[in-house]
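Structure record follows, encoded as C-alpha cells.
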Amino acid sequence: MSARPAPTFTAGRILAATFAVAAVARLTLAPRSWAWPARSWALDALALLPTRWADFLLGGDADRALNIAIFVPLGAAIAALLPLRWVPASVGVGFAISCGVEIAQTVIPGRVPDIADIVANTAGALVGTVLALAVRLSARL
C-alpha cells in the first residue's frame with residue numbers, strides 16, 4: 001500500500017484564500033455606505049452586458065447575483081486548500097461563513113440579515129467549489 005502525499009499548501013493558495021475571506025468580509029461586514037461603491041461598480045459593469053446575457057446571469061435579481069458572485073472565489077480558494085477528498089467541505093465552509101456574516105449584520109448599520117442571502121452565498125461557494133474541483137481533476141489527467 002502506497003502512502004498518498006500530503007496536500008501542498010503553497011503560499012499562493014493560502015494567499016488566495018486569505019484574499020477571498022478578506023474580500024467577503026469587506027463587502028459583507030462593512031457599513032452599507034462603505035460597500036455601496038463596489039456594488040454600484042459591479043452593477044454598472046453588468047449593465048454593459050447584452051440584455052439576454054444580463055437576464056440569464058442575474059435572473060431578474062442583481063443583488064442575489066452579486067451575493068452568489070462574491071462567494072465563488074471563496075469556495076474556489078477553500079477547495080484549493082483542502083485535500084481532494086475533502087473538497088466538498090468547502091461548500092460547508094462557505095455556508096458557515098455566510099451564516100456568520102448574516103448574524104454579524106444584525107448589529108451593522110444599514111445591513112439587513114436575510115436567509116435568502118445565505119442560500120445565494122452558499123450557491124456561490126458551491127459554484128466555486130465545482131470550478132476548483134474541475135480544475136484539480138483535469139490537472140490530474
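Computed from a predicted structure; not experimentally measured. Sequential numbering from 1 along the given sequence is applied to the chain's residues.
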*Among residues two or more places apart or on two chains, list those pairs meeting salt bridge (charged side-chain N to carboxylate O under 4.0 Å, His left out) that have a residue in residues 91-104.*
none

Set of residues satisfying side chain to side chain contact (heavy atoms under 4.5 Å, CB included) with respect to [X], sequence neighbours excluded:
X    : value
A132 : A76, A79
A116 : R64, D114
P31  : S33, W34
A25  : L29

Treating Ile, Leu, Val, Met, Phe, Trp and Tyr as nodes and any side-chain heavy-atom pair under 4.5 angstrom as an edge, say whether [X] and [Y] lie in one connected cluster.
X    : Y   : result
V101 : V21 : yes
L131 : V93 : no
V72  : V87 : no
V127 : L82 : no

Which hydrophobic side chains are connected to [X], either touching it within the sub-4.5 Å cutoff or through other members that do?
X    : answer
V112 : none
L126 : V91, V130
I115 : F95, I118

*side chain to side chain contact (heavy atoms under 4.5 Å, CB included) with F71: which of L66, D117, I97, L27?*
I97

What heavy-atom pair brings [X] and [Y] nearest, and what distance separates the two atoms?
X    : Y    : result
S90  : I78  : CB-CG2, 3.5 Å
I68  : A120 : CG1-O, 3.3 Å
A125 : G94  : CB-CA, 3.9 Å

*Mind jotting down which residue pairs meet the side-chain hydrogen bond (donor to acceptor under 3.5 Å, both in side chains) criterion with at least one end in residues 18-30? Sequence neighbours excluded, please.*
none

*Quick one: side-chain hydrogen bond (donor to acceptor under 3.5 Å, both in side chains) pairs with a partner in residues 72-82, sequence neighbours left out?*
none

*Backbone of A30 reached by a side-chain donor or acceptor of R111 within 3.5 Å*: yes

*Check: L81 main-chain N/O paired with R13 side-chain donor or acceptor under 3.5 Å*: no

_Rounded distance [0.5 Å steps], CG in L84 versus CG in L137_ = 5.5 Å

*Output, in order, the C-alpha distance, side-chain angles, deciding distance and verdict of side chain to side chain donor-acceptor pair (under 3.5 Å) for S98 and T122.*
CA-CA 7 Å; S98 181; T122 304; 4.9 Å; no

